[in-house]
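Here is the structure we will look at, set down as structure tokens.
In what follows, chains are A, B, ... by sequence order, proteins preceding strands, each numbered from 1.
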Number of protein chains: 2
Amino acid sequence: MVSITDIAARLGVSRTTVSLVLNNRSDQLRISDATRSRILSTAGEMGYRVNALARAASTGNSRVLGFLTTAPDEGPSARILTGAIDEATRQGFFVKVLRIHNDSALDDDALERCLEMRLGALFCVYLSGSGVQVLRDALEPHSVPLAVVDDVDTPQNCGLHILSDYESGMDAAVDHLFALGHRRIGLLMGLSEQELGARQRRHAFERAMALHQLTVVPDWVRAGDWGPNETDAVAREVLSLSPAPTAIIAGTDFTGLAVIRAARGLGLRVPDDVSILGFGDARIGDWADPPMAVVAQPFAAMGQMAVRHLLERLPQKEMPWSDPAREIRLPTELILRASTARVSQTNTQP
Amino acid sequence: MVSITDIAARLGVSRTTVSLVLNNRSDQLRISDATRSRILSTAGEMGYRVNALARAASTGNSRVLGFLTTAPDEGPSARILTGAIDEATRQGFFVKVLRIHNDSALDDDALERCLEMRLGALFCVYLSGSGVQVLRDALEPHSVPLAVVDDVDTPQNCGLHILSDYESGMDAAVDHLFALGHRRIGLLMGLSEQELGARQRRHAFERAMALHQLTVVPDWVRAGDWGPNETDAVAREVLSLSPAPTAIIAGTDFTGLAVIRAARGLGLRVPDDVSILGFGDARIGDWADPPMAVVAQPFAAMGQMAVRHLLERLPQKEMPWSDPAREIRLPTELILRASTARVSQTNTQP
DNA sequence: ATGAAAGCGCTAACAC
DNA sequence: GTGTTAGCGCTTTCAT
């Protein structure tokens, strides 16, 4: 592949001149228009392309970001990645995706390779808190900025933490249900109580309920890392209580689907007998029966923000590690569909 | 960050010696065990990490693969990526994900950047045929191997093409339905007729039907790039025909969900009145109501195979471009769930 | 067994 | 305006 040297040789000028022209530095250091255009056209003819590798080696700046994840194929991770790529591309950066398997002790190999590649900055999703800590400790000495995205139990001083604004999301959800006359609202999370995501949802839910002076009934609030069948079972259990909630907020989109199924299994009509509202992905609910309303989390925006903030801090090459982790919460969006309705007459008393 | 030179200086040996030891080339060119261990331990103490950038610049080999996609956040793309990353990691390679927006003329910028980064090989999904052609033409002069994954209308001579084995997948699907007594089977694809995926599914479907001497009823076979509502409408239309199919194979998982919804909307019970079988993603059907049987496509394996084949061809640095595109078809898996059942008595006549 | 020297392709400081 | 020189951090060939 043709190099800067080849062009210089062909034209009888120095490599420096070629480099300057091709990098558009010619305005600073003045190159004659004649030489300039000769170089440009020759480069074109010869099919020259910078060797980004050599450039990176020379400048020590790879213009590559690393994205660490345990589950690149799950919806949220993929959305975050997409948002991140778009923003990175816009700023002339690449994204390398690394998969981590063992996230508690944090895959040493992956970390090693991040450092070897002289990655400019890193962001990660779905790591355990201890994983993030390990990451942080490894990165700090090398001043590699770090951002943690989505529900990760980020320890103090671990850089940026970007997540959904659960509070406004839950507020919107409860507001909406309240406006439809619902007073008995349950929360089935589909996430383990251990996870930050579950705690955040629960907390935001309790807060939103309090704002409306509604009682949080413990039996109607359940957490757990459920598969389809477990979700079904829990939902049936909750919907069979008396009194039962008239509306259920599901902690994830898949959980929502299973709750709808459970309701139907009990002979309840959605939304006539019970309203169901999902939380998470925007799209999937559109295919549910009935189409499921959701509080959509801003995954793409989260990836985008992660990159934007990391790149802002790149030039100074210095993370404010000592500061407590800075949280950025991005707004959710309530998407109404056919799974919520005015509470039925027989169910109006709290 | 500490370099090979630092270590050499500290130890009073040459950079060469350090390089040899750290690369385990010491067996070829014999280095004394003493020196060897001194170097290793010093490297450890000083926290040395190869500068992969410099190495790549020097060897001209970046050990990075590029993954081009128009929709990194869609299920199949993400699955393929995951499989690819796993295989790449296993072989000491990285994967850079590039998003392409304009795929007909192929995002020139992205291509430019692939070449600049001296990517070792590329694989892509969701490109148009002309996009692949552009890619191929740009890559050939530089001997960059290319693999096209999944439903892409790959022109001749465009390297490897890796896709699902639609024939055995459809055979399994039709076999299964046939065994349940179904004779009137429809195919609602949810993919535009223009797309390779639709043509492949249709062809495989017709073949499978013929194997069982079943008639393909044109009215029951529909293609189109449908959203939820359009799918619903088409499904209702087909299910309202008389005679109507007793079983429907949906071309994608989401389409399957909407078909179930449409059936229910018409007062039909699934699977009692009509059986429904999805095609595509393995997981999502598990959350459907009823849980939906699917022919699962081997997305992760496809990514894995793409990488494996590309890496095989890396050393010789030469693609057999002149050969017709070599197709590799990977087996699907029939996952049975509750959406299919023996055909009802009233529906037994073809 | 070790080192010197040249090379990869690029950038950057400074001289002419 | 352009060229010289040195440097990035590594690899590789060839002396010693």
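- Taken over five-pair windows at either terminus, the axes of the helix from C:dA1-D:dT16 to C:dC16-D:dG1 are inclined to one another by 40° (rounded to 10 degrees).
- A 4.5 Å side-chain heavy-atom check between A:Leu135 and A:Leu146 finds at least one atom pair inside the cut-off.
- Considering only side-chain N and O atoms, B:Ser3 lies nowhere under 4.0 angstrom from the phosphate OP1 or OP2 of D:dC8.
- Here C:dC10 presents its P atom at 16 Å from CG of A:Asn24, a figure rounded to the nearest Å.
- When only modelled atom types and interatomic distance are considered, B:Ser19 and B:Thr16 share no side-chain donor-acceptor pair under 3.5 Å.
- Computed from coordinates, the B:Leu22 CG to D:dT12 P distance equals 14 Å when rounded to whole Å.
- Qualifying salt bridge (charged side-chain N to carboxylate O under 4.0 Å, His left out) partners for A:Asp73, counting only residues two or more places apart in sequence or in other chains: B:Arg79, B:Arg283.
- If you measure from atom CG of B:Leu20 to atom P of D:dT11, you get 9 Å, rounded to the nearest angstrom.
- Contacts of B:Arg49 classified as salt bridge (charged side-chain N to carboxylate O under 4.0 Å, His left out), with partners at least two apart in sequence or in another chain: A:Glu112.
- The distance between atom CZ of B:Arg118 and atom P of D:dC10, rounded to the nearest whole Å, is 21 Å.
- One interatomic measurement links the two molecules: CZ of B:Arg55 to C1' of D:dT11, which rounds to 9 Å at whole-angstrom precision.
- Of the inter-residue distances, the one linking A:Asn24 atom CG with A:Leu40 atom CG reads 7.5 Å to the nearest 0.5 angstrom.
- Of the inter-residue distances, the one linking B:Gln91 atom CD with B:Thr89 atom OG1 reads 10.0 Å to the nearest 0.5 angstrom.
- Between the P atom of D:dG9 and the CE atom of B:Met1 lies a distance of 11 Å, rounded to the nearest Å.
- In the set C:dT11, C:dT2, D:dC10, D:dC10 carries the atom at the smallest distance from any side-chain atom of B:Asn51.
- Within residues 39-50 of chain B, no residue has a heavy atom under 4.0 Å from DNA chain C.
- When atom types are taken as modelled, the side chain of B:Ser77 and the backbone of B:Glu74 share no donor-acceptor pair closer than 3.5 angstrom.
- Using a cut-off of 4.0 Å between Lys/Arg side-chain N and Asp/Glu carboxylate O, A:Glu87 and A:Arg90 are scored as salt-bridged.
- Within residues 4-19 of chain B, the residues that have a heavy atom under 4.0 Å from DNA chain C are, in order of number, B:Gly12, B:Val13, B:Ser14, B:Arg15, B:Thr16, B:Thr17.
- Between A:Glu327 and A:Arg329 a salt bridge is recorded (basic side-chain N to carboxylate O distance below 4.0 Å).
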Identify all side-chain donor-acceptor contacts of residues 50-57 of chain B below 3.5 Å with residues at least two apart in sequence or on another chain.
| residue | atom | partner | partner atom | Å |
| --- | --- | --- | --- | --- |
| B:Asn51 | OD1 | B:Leu53 | N | 2.9 |
| B:Asn51 | OD1 | B:Ala54 | N | 3.1 |
| B:Arg55 | NH2 | B:Asn23 | OD1 | 2.9 |

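- Interatomic distance, B:Arg63 CZ to B:Phe93 CZ, rounded to the nearest 0.5 Å: 4.0 Å.
- When rounded to the nearest whole Å, the span between CG of A:Leu53 and P of C:dC10 equals 11 Å.
- Distance from the side chain of A:Thr59 is smallest to C:dT11 among C:dT2, C:dT11, D:dG1.
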